[in-house]
Amino acid sequence: MIRKVKGTRDILPPESRLWAAVEAEARRVFGGLGYEEIRLPVLEPTELFVRGVGEGTDIVTKEMYTFTDRKGRSLTLRPEGTAGVARAFIEDGLAQRPGPQRLYYIGPMFRYEKMQRGRYRQFGQIGLELLGAATPQADVEVLLALHEFLAALGFDDLVILLNNLGDPEDRPRFIARLKEELAPQKEELCGDCRRRWDANPLRILDCKVPACRAIVSETTPIAEVVSDGARVHVEAVAGGLDAIGIPVKRAPRLVRGLDYYLRTVFEVVSPQLGEGAVICGGGRYDRLISDLGGPQVPGIGFAIGEDRLIDVLPPAFRDRVLGTRPVVILPLVPEAAAPAFDLARQMVSRGIEVRVEVTGRSLRAGLKWATKLGARAAVILGPDEIAAGTATLRDLDQGEQEQRPLAEIPDALAQSKHAEP
Ligand code: HAM
């Protein structure tokens, strides 16, 4: 047997219905706010992520699926979507269009990570980016889009964590101070953190090892060291969110695993998932496009981990999506095939979900199959019905049945569909 690659998943029905329903909701909410879909390659030049995500990040140093193609070019399966959006913005001249650009994307990302619950090597992301607006209002709108999407799915227990990373100019000052404060306990930090000391010291703030967390919790938060511009910006974002009733929790030591962020950064966590299982991450990246050789265009966005989101979906949403019940059509003789498919066609156009029996089951076996499927009704087309131009409509919950003219069947089923609680 050939098995799937470790860390990848087969999303089977009916779970695949949840994915489609979640994505439909994202399209509806984001589309309503003027965001349009951008579909980008999964394969990009490796350099895009080295320069975009950052040379010292975990993603670039140890998690990328990188290979050389037949012409010796280094390519990488995208580990995230923002760098690709920035590349497309530059390459496709999106700056020439009336701005700002409101974009979203849905698709697979790839990271060679250690596997655990909620962590895969191929995972889905639903991402959104607003390019060309540097105001705090832009940040508020992006967080509104995120909040409305999660609310539409019925979430009420997710927490948005917010922090201020300051401007890149603030960082050397902050890092110097952090190292000064941590120096006396440097030897007590975990091996990873001691390695991060030179390569990516900000990430020490993000360590999940309890001993490191205790040490870090005593350090000065970055927000206390940032420039006035960054402080005013993030306070305005917090104020703007408060004004529209979107709750956020300040997380003074929140940092992100990608280098392009400045000022506003945020994550969404679920109390249902353990520590570190973040559902969504995002923030502002005003230098990314120019760092990649494009114009000075600011940006802000987020990406939701779809696998993790689906893992904690509210039961009411799951039930709504998974609880639909089809109607089965049982053609019992060859002459019944054409009327069966004709009925199916009419029912589908009315939004009634149908399953036509095509394996040649008898009436008894067909009804058994219908029950297993959880069907609400069966339309039986036997020789008598065909001769009379009728069908037998059987209610599978009540066990009652009646013979009706074929032409009335779709209407009858549409009505009973709406009569359900
Ligand atoms: P990120 O925090 O690296 O940010 O990823 C966003 C989300 O993707 C995470 O919060 C998590 O839910 C999900 N995710 C990441 N790695 C995995 C994995 N191995 N398995 C399952 N889910 C995972 C970004 O990717 C940024 N591009 C977000 C962004 C957009 N920032 C601005 N715009």
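Start at 1 and go down the list; that is how both ligands and their atoms are numbered. Sequence positions, counted from 1, serve as the residue numbers for this chain.
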| request: Using only heavy-atom distances, determine whether the side chains of Y35 and E141 contain a donor-acceptor pair under 3.5 Å. | output: yes
| query | Counting distance only, does the side-chain N/O of D58 pair as donor-acceptor with the main-chain N or O of G257 below 3.5 Å? | reply | no
| Is the shortest distance from a Lys or Arg side-chain nitrogen in D291 or R287 to a carboxylate oxygen in the other one below 4.0 Å? | no
| request: Go through the side-chain N and O atoms of T324 and R17 and say whether any donor and acceptor fall under 3.5 Å apart. | output: yes
| task | Write down, by chain and number, every protein residue that brings a non-hydrogen atom to less than 4.0 Å from an atom of ligand 1. | result | E80, T82, Y105, R111, E113, G118, R119, Y120, F123, Q125, E129, R256, L258, Y260, Y261, V278, I279, C280, G281, G282, G283, Y285, G301, F302, A303, G305, R308
| said: Could you tell me if the side chain of F174 sits less than 4.5 Å from the side chain of L165, heavy atoms only? | reply: no
| field | T82 versus Y260, side-chain donor and acceptor atoms under 3.5 Å | value | yes
